[in-house]
Amino acid sequence: MNNHRDDGTFISGFFMCSLVLLSGYCGYWLRDNGFKLNIQMPKVEQRR
């Protein structure tokens, strides 16, 4: 096995890390611009 040749794991790891950082940045950017996602959960009714 040749350890000096990149088989794509570095590039794919770098790409995934970049996507995670970019999604975090975009989330804060959306929040700072006033975008809010309000989820209304209905109350659970208990029947006896």
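None of these values were measured; they are calculated from a predicted model.
Residue L21 is not grouped with residue L19 when hydrophobic side chains (ILVMFWY) are merged at heavy-atom distances under 4.5 angstrom, including chains of intermediate members.
Here F35 contributes atom CZ and C26 contributes atom SG; the two are 12.5 Å apart, rounded to the nearest 0.5 Å.
When the options C17, S12, S18 are evaluated for a side-chain contact (heavy atoms from CB on, under 4.5 Å) with F14, the one that passes is S18.
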